[in-house]
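Chain A is the first sequence line, chain B the second, and so forth, proteins listed ahead of strands; every chain is numbered from 1. All values reported here derive from a predicted model rather than from experimental measurement. We use all heavy atoms of the structure for the numbers below, so side chains are in, but hydrogens, waters and symmetry mates are not.
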Amino acid sequence: MSDTGANPPKEFFVIEDPHHGDDHGEHHHETGTMLGFWIYLMSDCLIFGILFATYAVLGQNYAAGPAPADLFEIEKILLATFALLFSSITYGFAVLRMDMDDLRGTVLWLIVTGLFGAGFLYLEFQEFSHLWHIGATPMASAFLSSFFFLVGTHGLHVLGGSIWLIVLLMQLGQRGLTHENKRRVMCLSLFWHFLDLIWIGVFSLVYLTGVLL
Amino acid sequence: MSDHAKGGHGTFKSYVVGFLLSVVLTLIPFWIVLGDVMDNTAWAVAIIFAMGATQMMVHIHYFLHVSLKVEAGWQVMSMGLTILLLVIVMAGSIWVMFNLDENMMPAHEQIERVRNLP
(Lines give C-alpha, C1' and ligand atoms only; values in the text may rest on other atoms or scores of the structure.)
Protein backbone atom coordinates (compact mmCIF):
# COMPACT_ATOMS: atom_id res chain seq x y z
CA MET A 1 0.00 0.00 0.00
CA SER A 2 2.63 2.45 1.00
CA ASP A 3 4.83 2.00 -2.08
CA THR A 4 1.87 2.51 -4.50
CA GLY A 5 1.20 5.79 -2.76
CA ALA A 6 4.79 6.83 -3.24
CA ASN A 7 4.68 6.23 -7.01
CA PRO A 8 3.88 9.27 -9.05
CA PRO A 9 0.52 9.02 -10.86
CA LYS A 10 0.71 7.77 -14.41
CA GLU A 11 -0.10 10.24 -17.13
CA PHE A 12 -2.60 8.88 -19.60
CA PHE A 13 -2.68 12.00 -21.72
CA VAL A 14 -0.15 14.67 -22.56
CA ILE A 15 -0.74 17.60 -20.26
CA GLU A 16 2.02 19.71 -21.67
CA ASP A 17 4.16 19.48 -24.74
CA PRO A 18 7.51 18.16 -23.44
CA HIS A 19 9.42 20.22 -26.04
CA HIS A 20 7.47 23.35 -25.30
CA GLY A 21 9.52 26.49 -25.76
CA ASP A 22 11.99 25.32 -28.36
CA ASP A 23 11.21 25.67 -32.01
CA HIS A 24 10.32 22.06 -32.70
CA GLY A 25 7.70 21.90 -29.97
CA GLU A 26 6.14 25.15 -31.08
CA HIS A 27 5.75 23.77 -34.56
CA HIS A 28 3.82 20.74 -33.27
CA HIS A 29 1.52 22.96 -31.25
CA GLU A 30 0.87 25.09 -34.33
CA THR A 31 0.00 22.04 -36.39
CA GLY A 32 -2.61 21.09 -33.78
CA THR A 33 -4.44 24.41 -34.05
CA MET A 34 -4.19 24.53 -37.82
CA LEU A 35 -5.41 20.94 -38.08
CA GLY A 36 -8.40 21.71 -35.89
CA PHE A 37 -9.29 24.79 -37.90
CA TRP A 38 -8.82 22.90 -41.15
CA ILE A 39 -11.21 20.17 -39.94
CA TYR A 40 -13.74 22.91 -39.14
CA LEU A 41 -13.34 24.30 -42.67
CA MET A 42 -13.87 20.83 -44.13
CA SER A 43 -17.09 20.41 -42.14
CA ASP A 44 -18.18 23.84 -43.34
CA CYS A 45 -17.38 22.64 -46.84
CA LEU A 46 -19.81 19.73 -46.30
CA ILE A 47 -22.54 22.20 -45.27
CA PHE A 48 -22.01 24.14 -48.48
CA GLY A 49 -21.90 20.89 -50.44
CA ILE A 50 -25.35 19.97 -49.16
CA LEU A 51 -26.66 23.45 -50.01
CA PHE A 52 -25.18 23.16 -53.50
CA ALA A 53 -26.85 19.76 -53.93
CA THR A 54 -30.16 21.23 -52.76
CA TYR A 55 -29.86 24.05 -55.26
CA ALA A 56 -28.89 21.65 -58.05
CA VAL A 57 -32.03 19.60 -57.36
CA LEU A 58 -34.50 22.45 -56.77
CA GLY A 59 -33.00 25.20 -58.92
CA GLN A 60 -35.24 24.52 -61.90
CA ASN A 61 -38.55 24.55 -60.01
CA TYR A 62 -39.83 28.07 -60.58
CA ALA A 63 -43.46 27.44 -59.51
CA ALA A 64 -44.63 29.90 -62.21
CA GLY A 65 -42.39 32.50 -60.57
CA PRO A 66 -39.36 34.30 -61.97
CA ALA A 67 -36.42 32.37 -63.49
CA PRO A 68 -32.70 33.23 -62.99
CA ALA A 69 -32.52 35.01 -66.35
CA ASP A 70 -35.25 37.45 -65.20
CA LEU A 71 -33.57 38.23 -61.89
CA PHE A 72 -29.77 38.19 -61.98
CA GLU A 73 -27.61 41.08 -63.13
CA ILE A 74 -24.40 39.39 -64.19
CA GLU A 75 -22.41 42.66 -64.36
CA LYS A 76 -22.97 43.20 -60.65
CA ILE A 77 -22.01 39.60 -59.91
CA LEU A 78 -18.78 40.14 -61.84
CA LEU A 79 -18.10 43.19 -59.66
CA ALA A 80 -18.78 41.20 -56.47
CA THR A 81 -16.56 38.37 -57.71
CA PHE A 82 -13.68 40.76 -58.24
CA ALA A 83 -14.24 42.36 -54.83
CA LEU A 84 -13.72 38.93 -53.24
CA LEU A 85 -10.80 38.05 -55.50
CA PHE A 86 -9.01 41.32 -54.67
CA SER A 87 -9.68 40.78 -50.98
CA SER A 88 -8.05 37.36 -51.32
CA ILE A 89 -4.81 38.70 -52.74
CA THR A 90 -4.67 41.64 -50.31
CA TYR A 91 -5.02 39.13 -47.45
CA GLY A 92 -2.11 37.25 -49.00
CA PHE A 93 -0.06 40.47 -48.95
CA ALA A 94 -0.98 40.95 -45.28
CA VAL A 95 0.38 37.48 -44.49
CA LEU A 96 3.59 38.24 -46.41
CA ARG A 97 4.00 41.48 -44.43
CA MET A 98 3.43 39.50 -41.23
CA ASP A 99 6.24 37.12 -42.22
CA MET A 100 8.53 40.17 -42.35
CA ASP A 101 7.31 41.21 -38.87
CA ASP A 102 5.89 44.44 -40.32
CA LEU A 103 2.91 45.26 -38.10
CA ARG A 104 1.97 48.44 -39.94
CA GLY A 105 1.95 46.74 -43.34
CA THR A 106 -0.06 43.79 -42.02
CA VAL A 107 -2.69 46.06 -40.50
CA LEU A 108 -2.93 48.21 -43.63
CA TRP A 109 -3.40 45.24 -45.96
CA LEU A 110 -5.94 43.73 -43.54
CA ILE A 111 -7.91 46.99 -43.62
CA VAL A 112 -7.86 46.94 -47.44
CA THR A 113 -9.11 43.33 -47.28
CA GLY A 114 -11.92 44.38 -44.97
CA LEU A 115 -12.94 47.19 -47.32
CA PHE A 116 -13.19 44.79 -50.27
CA GLY A 117 -15.18 42.40 -48.06
CA ALA A 118 -17.51 45.25 -47.10
CA GLY A 119 -17.93 46.10 -50.79
CA PHE A 120 -18.92 42.52 -51.51
CA LEU A 121 -21.42 42.53 -48.64
CA TYR A 122 -22.89 45.83 -49.83
CA LEU A 123 -23.42 44.45 -53.36
CA GLU A 124 -25.04 41.31 -51.97
CA PHE A 125 -27.30 43.27 -49.65
CA GLN A 126 -28.33 45.51 -52.54
CA GLU A 127 -29.15 42.46 -54.68
CA PHE A 128 -31.16 40.75 -51.94
CA SER A 129 -33.17 43.86 -51.07
CA HIS A 130 -33.89 44.43 -54.77
CA LEU A 131 -35.11 40.84 -55.15
CA TRP A 132 -37.21 41.16 -52.02
CA HIS A 133 -38.66 44.43 -53.28
CA ILE A 134 -39.84 42.96 -56.59
CA GLY A 135 -41.45 40.01 -54.80
CA ALA A 136 -38.78 37.38 -55.48
CA THR A 137 -38.77 36.22 -51.86
CA PRO A 138 -37.70 32.75 -50.61
CA MET A 139 -41.41 31.96 -50.27
CA ALA A 140 -42.05 32.41 -54.01
CA SER A 141 -40.61 29.14 -55.32
CA ALA A 142 -38.30 26.22 -54.52
CA PHE A 143 -35.67 27.84 -56.76
CA LEU A 144 -35.71 31.04 -54.71
CA SER A 145 -35.76 29.16 -51.38
CA SER A 146 -32.64 27.21 -52.27
CA PHE A 147 -31.03 30.30 -53.84
CA PHE A 148 -31.46 32.45 -50.74
CA PHE A 149 -30.37 29.59 -48.49
CA LEU A 150 -27.14 28.94 -50.41
CA VAL A 151 -26.11 32.51 -51.25
CA GLY A 152 -27.35 33.82 -47.90
CA THR A 153 -25.27 31.26 -45.98
CA HIS A 154 -22.20 32.31 -47.92
CA GLY A 155 -22.99 35.98 -47.26
CA LEU A 156 -23.36 35.29 -43.53
CA HIS A 157 -19.96 33.60 -43.57
CA VAL A 158 -18.41 36.67 -45.21
CA LEU A 159 -20.13 38.84 -42.59
CA GLY A 160 -18.74 36.61 -39.83
CA GLY A 161 -15.28 36.75 -41.39
CA SER A 162 -15.48 40.55 -41.54
CA ILE A 163 -16.43 40.78 -37.86
CA TRP A 164 -13.54 38.43 -37.05
CA LEU A 165 -11.27 40.68 -39.12
CA ILE A 166 -12.29 43.73 -37.06
CA VAL A 167 -11.67 41.83 -33.81
CA LEU A 168 -8.30 40.69 -35.15
CA LEU A 169 -7.35 44.27 -36.00
CA MET A 170 -8.15 45.28 -32.40
CA GLN A 171 -6.04 42.40 -31.08
CA LEU A 172 -3.17 43.38 -33.37
CA GLY A 173 -3.50 46.98 -32.21
CA GLN A 174 -3.34 45.94 -28.58
CA ARG A 175 -0.65 43.26 -28.61
CA GLY A 176 1.14 43.57 -31.92
CA LEU A 177 2.50 40.59 -33.84
CA THR A 178 2.71 38.10 -30.99
CA HIS A 179 2.85 34.36 -31.56
CA GLU A 180 -0.88 34.01 -30.79
CA ASN A 181 -1.89 36.84 -33.09
CA LYS A 182 0.15 35.34 -35.93
CA ARG A 183 -1.74 32.09 -35.47
CA ARG A 184 -5.06 33.97 -35.57
CA VAL A 185 -4.04 35.77 -38.75
CA MET A 186 -3.23 32.40 -40.36
CA CYS A 187 -6.59 30.90 -39.29
CA LEU A 188 -8.56 33.82 -40.69
CA SER A 189 -6.43 33.61 -43.84
CA LEU A 190 -7.59 30.02 -44.39
CA PHE A 191 -11.20 31.02 -43.66
CA TRP A 192 -11.10 34.00 -46.02
CA HIS A 193 -9.56 32.12 -48.94
CA PHE A 194 -12.00 29.27 -48.33
CA LEU A 195 -14.95 31.67 -48.69
CA ASP A 196 -13.57 32.89 -52.00
CA LEU A 197 -13.32 29.26 -53.11
CA ILE A 198 -16.99 28.64 -52.24
CA TRP A 199 -17.94 31.77 -54.18
CA ILE A 200 -16.42 30.24 -57.34
CA GLY A 201 -18.97 27.44 -57.01
CA VAL A 202 -21.77 29.93 -56.36
CA PHE A 203 -21.16 32.11 -59.40
CA SER A 204 -20.51 29.12 -61.68
CA LEU A 205 -23.55 27.08 -60.67
CA VAL A 206 -26.11 29.65 -59.54
CA TYR A 207 -25.49 32.77 -61.56
CA LEU A 208 -23.76 31.86 -64.84
CA THR A 209 -25.38 28.46 -65.40
CA GLY A 210 -28.72 29.75 -64.12
CA VAL A 211 -28.80 32.56 -66.65
CA LEU A 212 -27.77 30.27 -69.51
CA LEU A 213 -30.33 27.50 -68.93
CA MET B 1 10.34 32.43 -37.85
CA SER B 2 11.58 28.93 -38.54
CA ASP B 3 11.71 27.36 -41.96
CA HIS B 4 8.91 24.95 -41.06
CA ALA B 5 6.39 27.61 -40.15
CA LYS B 6 7.26 29.72 -43.14
CA GLY B 7 6.80 26.89 -45.61
CA GLY B 8 3.03 27.22 -45.75
CA HIS B 9 2.70 30.94 -46.37
CA GLY B 10 3.70 31.26 -50.02
CA THR B 11 5.67 34.04 -51.60
CA PHE B 12 4.79 37.32 -53.30
CA LYS B 13 5.34 35.67 -56.65
CA SER B 14 3.08 32.68 -55.90
CA TYR B 15 0.26 34.97 -54.71
CA VAL B 16 0.49 37.10 -57.86
CA VAL B 17 0.60 34.04 -60.12
CA GLY B 18 -2.46 32.60 -58.37
CA PHE B 19 -4.26 35.93 -58.61
CA LEU B 20 -3.57 36.37 -62.34
CA LEU B 21 -4.67 32.80 -63.09
CA SER B 22 -7.87 33.43 -61.09
CA VAL B 23 -8.57 36.64 -63.01
CA VAL B 24 -8.28 34.83 -66.35
CA LEU B 25 -10.35 31.88 -65.11
CA THR B 26 -13.04 34.28 -63.86
CA LEU B 27 -13.18 36.46 -66.95
CA ILE B 28 -13.58 33.60 -69.46
CA PRO B 29 -16.88 32.20 -68.05
CA PHE B 30 -18.32 35.70 -67.49
CA TRP B 31 -17.31 36.63 -71.04
CA ILE B 32 -19.09 33.51 -72.37
CA VAL B 33 -22.32 34.54 -70.63
CA LEU B 34 -22.18 38.32 -71.04
CA GLY B 35 -20.90 38.26 -74.62
CA ASP B 36 -23.36 35.50 -75.59
CA VAL B 37 -20.58 33.95 -77.63
CA MET B 38 -21.74 30.31 -77.74
CA ASP B 39 -24.81 28.88 -79.42
CA ASN B 40 -24.46 25.48 -77.81
CA THR B 41 -25.66 25.88 -74.21
CA ALA B 42 -24.45 22.45 -73.08
CA TRP B 43 -20.89 23.22 -74.18
CA ALA B 44 -21.03 26.66 -72.57
CA VAL B 45 -22.11 25.13 -69.24
CA ALA B 46 -19.38 22.50 -69.52
CA ILE B 47 -16.75 25.21 -70.08
CA ILE B 48 -18.08 27.26 -67.12
CA PHE B 49 -17.83 24.24 -64.81
CA ALA B 50 -14.38 23.30 -66.12
CA MET B 51 -13.14 26.87 -65.52
CA GLY B 52 -14.73 26.88 -62.04
CA ALA B 53 -13.10 23.58 -61.08
CA THR B 54 -9.72 24.76 -62.39
CA GLN B 55 -9.99 28.01 -60.45
CA MET B 56 -10.85 26.07 -57.28
CA MET B 57 -7.65 24.06 -57.73
CA VAL B 58 -5.67 27.26 -58.32
CA HIS B 59 -7.07 28.64 -55.06
CA ILE B 60 -6.29 25.44 -53.16
CA HIS B 61 -2.70 25.46 -54.40
CA TYR B 62 -1.77 29.16 -54.40
CA PHE B 63 -3.95 30.61 -51.61
CA LEU B 64 -4.73 27.76 -49.21
CA HIS B 65 -1.23 26.25 -49.72
CA VAL B 66 -2.34 22.65 -49.55
CA SER B 67 0.77 20.66 -50.31
CA LEU B 68 1.32 16.97 -50.98
CA LYS B 69 4.29 16.88 -48.57
CA VAL B 70 4.29 14.10 -45.99
CA GLU B 71 4.42 16.60 -43.10
CA ALA B 72 1.12 18.08 -44.23
CA GLY B 73 -0.49 14.70 -44.88
CA TRP B 74 -3.36 15.39 -42.47
CA GLN B 75 -4.45 18.29 -44.64
CA VAL B 76 -4.59 16.27 -47.85
CA MET B 77 -6.19 13.32 -46.07
CA SER B 78 -9.03 15.34 -44.55
CA MET B 79 -9.56 17.20 -47.81
CA GLY B 80 -9.68 13.91 -49.72
CA LEU B 81 -12.32 12.55 -47.36
CA THR B 82 -14.34 15.76 -47.70
CA ILE B 83 -14.20 15.65 -51.47
CA LEU B 84 -15.26 11.98 -51.44
CA LEU B 85 -18.25 12.81 -49.21
CA LEU B 86 -19.14 15.79 -51.39
CA VAL B 87 -19.07 13.71 -54.55
CA ILE B 88 -21.29 11.04 -52.97
CA VAL B 89 -23.78 13.59 -51.59
CA MET B 90 -23.97 15.80 -54.66
CA ALA B 91 -23.88 13.20 -57.42
CA GLY B 92 -26.16 10.94 -55.38
CA SER B 93 -28.84 13.56 -54.74
CA ILE B 94 -28.84 14.84 -58.29
CA TRP B 95 -29.05 11.31 -59.67
CA VAL B 96 -31.75 10.11 -57.26
CA MET B 97 -33.89 13.23 -57.53
CA PHE B 98 -33.66 13.24 -61.31
CA ASN B 99 -34.87 9.65 -61.38
CA LEU B 100 -37.68 10.48 -58.97
CA ASP B 101 -38.77 13.31 -61.20
CA GLU B 102 -38.71 11.08 -64.26
CA ASN B 103 -40.46 8.07 -62.76
CA MET B 104 -42.74 9.30 -60.03
CA MET B 105 -44.42 12.34 -61.52
CA PRO B 106 -47.71 10.96 -62.82
CA ALA B 107 -48.41 12.01 -66.35
CA HIS B 108 -51.98 12.96 -67.13
CA GLU B 109 -52.81 9.83 -69.15
CA GLN B 110 -51.36 7.65 -66.40
CA ILE B 111 -53.83 9.08 -63.93
CA GLU B 112 -56.65 8.48 -66.37
CA ARG B 113 -55.56 4.89 -66.91
CA VAL B 114 -55.55 4.23 -63.17
CA ARG B 115 -58.96 5.82 -62.85
CA ASN B 116 -60.44 3.57 -65.58
CA LEU B 117 -59.15 0.37 -64.02
CA PRO B 118 -61.89 -2.22 -63.53
Side-chain angles (χ1 to χ4, degrees), chain A residues 23-24 26-27 30-31 34-35 38-39 41-46 48-50 52-54 56-58 60-61 74-75 77-78 81-82 85-86 88-93 95-96 98-101 179 182 186 189-190 192-194 196-198 200-205 207-209 211-213, chain B residues 1-6 8-12 14-16 18-19 22-23 25-27 29-30 32-34 36 38 41-42 44-45 48-49 51-53 55-56 58-60 62-66 71-72 74-75 78-79 81-83 85-87 89-94 96-98 100-101:
Chain A
D23 208 41
H24 193 66
E26 217 166 64
H27 178 59
E30 207 66 288
T31 309
M34 294 322 266
L35 171 63
W38 182 259
I39 300 288
L41 281 188
M42 290 298 108
S43 65
D44 224 14
C45 197
L46 288 180
F48 278 110
I50 291 161
F52 274 117
T54 312
V57 169
L58 297 175
Q60 309 268 322
N61 302 353
I74 295 299
E75 288 88 353
I77 302 305
L78 183 62
T81 306
F82 269 96
L85 196 53
F86 275 117
S88 253
I89 180 129
T90 54
Y91 205 114
F93 290 156
V95 170
L96 292 178
M98 186 186 78
D99 279 351
M100 295 177 206
D101 277 321
H179 183 68
K182 282 184 179 174
M186 285 323 291
S189 163
L190 280 181
W192 201 266
H193 292 310
F194 167 75
D196 198 10
L197 190 135
I198 297 294
I200 300 169
V202 173
F203 79 70
S204 300
L205 176 71
Y207 290 105
L208 295 182
T209 311
V211 167
L212 275 184
L213 291 178
Chain B
M1 194 170 273
S2 71
D3 230 27
H4 273 301
K6 214 167 181 174
H9 295 198
T11 60
F12 178 77
S14 76
Y15 272 111
V16 170
F19 176 72
S22 300
V23 168
L25 290 167
T26 303
L27 284 178
F30 274 91
I32 287 174
V33 172
L34 284 174
D36 212 6
M38 291 187 72
T41 315
V45 171
I48 289 172
F49 280 145
M51 293 289 158
Q55 200 186 340
M56 280 183 179
V58 167
H59 272 59
I60 287 171
Y62 287 102
F63 293 158
L64 289 172
H65 308 299
V66 174
E71 296 94 321
W74 50 270
Q75 212 176 16
S78 54
M79 196 174 74
L81 178 66
T82 308
I83 292 172
L85 287 173
L86 282 181
V87 168
V89 167
M90 295 187 70
S93 2
I94 292 165
V96 168
M97 294 311 285
F98 178 77
L100 258 183
D101 247 13

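- Note: F86(A) and F19(B) meet the aromatic proximity criterion, with ring centroids under 6.0 Å apart.
- Here Y15(B) contributes atom OH and T90(A) contributes atom OG1; the two are 10.5 Å apart, rounded to the nearest 0.5 Å.
- Residue contact with chain A, scored on non-hydrogen atoms closer than 4.5 Å, involves the side chain of V66(B) exclusively.
- Contact of L58(A) with chain B is not made at all, since no heavy-atom distance falls under 4.5 Å.
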Inset, instruction - Dump the intermediate steps for side-chain contact (heavy atoms from CB on, under 4.5 Å) on H59(B) and L85(A), then the final yes or no. - result: CA-CA 10 Å; H59(B) 272 59; L85(A) 196 53; 4.0 Å; yes

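- Between chain B and the residues L205(A), L213(A), L197(A), the most heavy-atom pairs under 4.5 angstrom are made by L197(A).
- Only the side chain of F93(A) comes within contact range of chain B, judged by heavy atoms closer than 4.5 Å.
- Contact count against chain B (heavy-atom pairs under 4.5 Å) is highest for L78(A) among T81(A), L78(A), L41(A).
- Ring pair F203(A)/F30(B) is tilted by interplanar angle, where 30° to 60° counts as tilted.
- Using a 4.5 Å heavy-atom cutoff, the side chains of L86(B) and F48(A) are not in contact.
- Distance check: H193(A) NE2 to H65(B) NE2 gives 6.0 Å after rounding to the nearest 0.5 Å.
- For the pair M42(A) and M79(B), the tightest heavy-atom approach, listed with the atom from each and the gap, is SD-CA, 3.7 Å.
- Atom OG of residue S43(A) and atom CG of residue L85(B) lie 11.5 Å apart, to the nearest 0.5 angstrom.
- By number of non-hydrogen pairs under 4.5 angstrom with chain A, the leading residue of G52(B), S93(B), G92(B), S78(B) is S78(B).
- Between V89(B) and F52(A) the shortest side-chain heavy-atom distance does not fall below 4.5 Å.
- In this structure, the side chains of I48(B) and L212(A) come closer than 4.5 Å at one or more pairs of heavy atoms.
- In this structure, the portions of V23(B) lying under 4.5 Å from any heavy atom of chain A include both its backbone and its side chain.
- Heavy atoms of I77(A) lying under 4.5 Å from chain B belong to its backbone as well as its side chain.
- Taken from CD1 in I60(B) to CZ in F194(A), the straight-line distance is 10.0 Å, to the nearest 0.5 Å.
- Remark: S22(B) OG to I89(A) CD1 distance equals 8.5 Å, nearest 0.5 Å.
- The contact between I39(A) and chain B is made entirely by side chain atoms (from C-beta outward), counting heavy-atom distances below 4.5 Å.
- Residue with the most contacts toward chain B among T209(A), L208(A), L190(A), V57(A): L208(A) (heavy-atom pairs, distance under 4.5 Å).
- When heavy atoms are compared at a cutoff of 4.5 Å, T11(B) approaches chain A solely by way of its backbone atoms N, CA, C and O.
- With a 4.5 angstrom heavy-atom cutoff, I83(B) does not touch chain A via any of its atoms.
- Only the side chain of L34(B) comes within contact range of chain A, with at least one heavy atom under 4.5 Å from a heavy atom of that chain.
- The greatest number of non-hydrogen atom pairs below 4.5 Å with chain A, out of W74(B), Y62(B), F98(B), F49(B), is found for W74(B).
- In this structure, Y91(A) has its ring center no closer than 6.0 Å to that of F63(B).
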